[in-house]
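Reading through the structure tokens given below for one structure.
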Number of protein chains: 2
Amino acid sequence: MAHDAGLPHQRTHPTLVQVATLAGVSPKTASRALNGEPNVAEPTRVRVLVAANRLGFRPNGIARELRRGGTSTLVGLISGDLANPFYSTVASGIERELREHGLQLVMASNDEGPRRERTLVEAFLERRVRALLIMSSSSGSDPGGSFHAERSCRMTEGPPGVPFVFLDYQPAGLPCDAVVIANAEGGRLAAEHLLARGHSRVAVLGDPPRYATHRDRFAGFADAMNAAGNHQWSPYAHSDVHDVATAERAILALMNRDPVPTAIFTLDNRLTTGALRALAHRRYQPALVGFDDFELADVLGVTVIAHDGQAMGREAARLALTGPSEHPRRQRIVTMPIHLVVRGSGERTP
Amino acid sequence: MAHDAGLPHQRTHPTLVQVATLAGVSPKTASRALNGEPNVAEPTRVRVLVAANRLGFRPNGIARELRRGGTSTLVGLISGDLANPFYSTVASGIERELREHGLQLVMASNDEGPRRERTLVEAFLERRVRALLIMSSSSGSDPGGSFHAERSCRMTEGPPGVPFVFLDYQPAGLPCDAVVIANAEGGRLAAEHLLARGHSRVAVLGDPPRYATHRDRFAGFADAMNAAGNHQWSPYAHSDVHDVATAERAILALMNRDPVPTAIFTLDNRLTTGALRALAHRRYQPALVGFDDFELADVLGVTVIAHDGQAMGREAARLALTGPSEHPRRQRIVTMPIHLVVRGSGERTP
DNA sequence: CTGAAAGCGCTAACAG
DNA sequence: CTGTTAGCGCTTTCAG
């Protein structure tokens, strides 16, 4: 290295020691000055600041965190793809709540099932996130995913544990905090609303085997229908519909049935979208109720079982931050209320 | 501490040293075994792994990162609120690309202008993120934001710099990489499309003073209109429309004008949503073209200037990861193509 | 194959 | 007000 004079291209970040040296003080003094701690003479302070500036010094947060030993200001979120508006809305709520506490959201999405989920949980834990939020549709189905959740979750029993919060899914028999939607109640509400309009051939679209949420919504729906003595709906139920494309196909198939269903209940916003695509520009429009509200549902006049995704995210973040209060800790479950939003599509009569 | 036998509640995370001690080996050997490095006798390996497991050991990523000295596996993103589908779509694209490289996305959103942006950039840089992506609508307006970007961006000229990539906004006169949309071309396309249908009283909705993107889209639109010798549109232009609510109000006002505009061009997806809300259930439906595609635009039959948000995110991530290749580095700008998607609303004639 | 020593960059704890 | 010493938890030398 010939020309190393001045302050030229250094191969590495300047360190506190370099700043201290340049300012002619000890590292600790430099540290104090840079952190705005008291007990630093004004002229010293200035010298340090100037030196830091000349060097383009930027404190190394990694080192600081390590030394301070505490947890980081990072909160992990494992979620489904943000391209799904449900996930992005909830994520937005989480982020807002965290922001108000000076924390940051680290995200990783997980379309690939429990195997990847496991890896992600490990990675976050190693990074010593302050808390871990899990909103992964696949968690609900595969016992492999739950298994890992179980291990991690139980860890939270001891003091050094990281708070885990599950979103939109309550891990079976685990002492983990969770925020869920009143799924069964939503299903019931939809059924009763359609029954009141005189519908009996109601087609339900969803994938209960795959998603716990669909399971609960479906159960609520089925209960209400059965309680009303109505059993004509079951031949129209589709239980393998899990995305826009499959929903679209299912609806097209349903429209060719004879007798045709007079109403449709879609178990989440993706399926509602698929249904709307399939029904667009068709003469016959069955009644439609969708679980999950969505943007432009008002313009399209779609009746939905709505809930507040932002609020859901905030609740989860709040749970994560208020941490485990008691020992032995008690599981906290927050249930987000749902309500029916009447917009026309659900009020069409048979 | 009376009962400290067995493996009970320890107040802190177990460390490598503890694992090593329990296994009766040196820390280094334990490290090797846990990292799957070669040159460890099988029985030793097993002893270490068992010890680690008994202790519930989890390597401390902070310490590891510090020691390894390199950059982390984190990539920072500063964006607008994820509740806006544009942001969440792009974020999803970024996340996917990063995932394929084994990296994770750290997000912080920024509704509050350049002051917070500055703080966030600092925080990310201190955390030694591998790269920093900025997709903040406010960046485009306030020189304060740009100022900070400038400082950071120039830092990337030297070797230790963190790659900066701007999304949807090209910082003026800075050597920063960016991914932008062909905004002007989109504006032109919209204008020409409407002109071809015989429209002349075209209302444009946006907020050019606030958003650089709107500025460019507006300019493209104006150019095309003026080139065609059409000047009737300008009295209908609204240049302070920046969200759903203001768009809705602007449309309502426009519908009371005499003569009423025969067509509307909304400069982003929020404004298109507002326009649709305002126009829903009205007798008179002006032609409508919106910038940005959106879910259900097909069902609603809305003609749009579309682009691929996911792809945009991926491009940005790619730029960030391929890092600064040359010295002195050259600015790389990727322009995402746009295309007109004809769905009916834009084809209505005056 | 294994270990001892040193140190990543910073900050507590205690002196001066 | 300032400096010294030590050490966060891990991994890199370099010797056994």
Side-chain angles (χ1 to χ4, degrees), chain A residues 10-49 51-52 55-73 122-123 125-129 160 162, chain B residues 10-49 51-52 55-73 122-123 125-129 160 162:
Chain A
Q10 21 197 11
R11 288 245 141 249
T12 170
H13 274 105
T15 76
L16 185 63
V17 183
Q18 298 176 37
V19 174
T21 309
L22 182 58
V25 297
S26 85
K28 180 60 200 172
T29 303
S31 170
R32 277 195 267 256
L34 290 166
N35 290 329
E37 284 172 31
N39 290 349
V40 178
E42 191 53 25
T44 315
R45 232 178 60 76
V46 172
R47 278 218 317 287
V48 172
L49 262 35
L55 259 37
F57 172 75
R58 195 178 298 285
N60 185 331
I62 311 278
R64 177 181 297 173
E65 249 177 37
L66 178 59
R67 182 65 250 235
R68 291 225 242 250
T71 49
S72 70
T73 66
E122 294 286 0
L125 258 25
E126 291 190 7
R127 209 171 279 291
R128 298 293 190 262
V129 290
V162 176
Chain B
Q10 22 198 9
R11 287 246 140 249
T12 172
H13 274 106
T15 76
L16 185 63
V17 183
Q18 298 176 38
V19 174
T21 309
L22 182 58
V25 298
S26 83
K28 179 58 203 175
T29 303
S31 170
R32 277 196 267 256
L34 289 166
N35 291 328
E37 284 173 30
N39 290 350
V40 179
E42 191 52 26
T44 315
R45 231 178 61 77
V46 172
R47 277 217 319 286
V48 172
L49 261 37
L55 258 37
F57 172 75
R58 195 178 298 283
N60 185 332
I62 312 278
R64 176 181 296 172
E65 251 177 36
L66 177 60
R67 183 64 251 236
R68 293 224 243 249
T71 50
S72 69
T73 66
E122 294 286 359
L125 256 28
E126 291 188 7
R127 209 171 278 293
R128 299 291 190 265
V129 289
V162 176

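Order of the sequence lines fixes the chain letters, A, B, ..., with proteins taken first and strands second; residue numbering starts at 1 for each chain.
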Taking CG from B:Asn35 and P from D:dC10, how many angstroms apart are they, rounded to a whole number? 10 Å
Rounded to the nearest 0.5 Å, how far does CZ of B:Arg47 lie from OG1 of B:Thr29? 9.5 Å
Does B:Ala123 have any side-chain contact (heavy atoms from CB on, under 4.5 Å) partners at least two apart in sequence or in another chain, and if so, which? A:Gln104
Of A:Glu37 and B:Arg45, the one whose closest DNA chain C nucleotide lies more 5': B:Arg45
Go through the structure and list residues passing side chain to side chain donor-acceptor pair (under 3.5 Å) with B:Thr21, not counting sequence neighbours. none
Taken in chain and number order and not counting sequence neighbours, the residues that satisfy salt bridge (charged side-chain N to carboxylate O under 4.0 Å, His left out) with B:Arg32 are none
Show me the pairs that pass salt bridge (charged side-chain N to carboxylate O under 4.0 Å, His left out) and involve residues 34-45 of chain A, at least two apart or across chains. A:Glu42-A:Arg45
Determine, for nucleotides 3-9 of chain C in 5'-to-3' order, which nucleotides have protein heavy atoms under 4.0 Å from the base (write B), from only the sugar-phosphate (write S), or from neither (write -). BB-BBBB
Think B:Asn39 has a side-chain N or O under 4.0 angstrom from the OP1 or OP2 of C:dT2? no
Could you name each residue pair satisfying salt bridge (charged side-chain N to carboxylate O under 4.0 Å, His left out) that touches residues 13-31 of chain B, not counting sequence neighbours? none
Find the distance A:Glu65:CD to D:dG9:P and express it as a whole number of Å. 13 Å
For B:Glu42 and C:dC1, give me the distance from atom CD to atom C1', rounded to whole Å. 13 Å
Inter-end axis angle, the helix from C:dC1-D:dG16 to C:dG16-D:dC1, with every axis fitted to five base pairs (rounded, 10 degrees): 40°
For A:Pro59, give me all partners under side-chain contact (heavy atoms from CB on, under 4.5 Å), at least two apart in sequence or on another chain. A:Phe57, A:Arg64, B:Glu126
What pairs with A:Thr15 under side-chain contact (heavy atoms from CB on, under 4.5 Å), at least two apart in sequence or on another chain? A:Val17, A:Gln18
Check the distance between C:dC10's C1' and B:Arg127's CZ and give it to me in whole angstrom. 15 Å
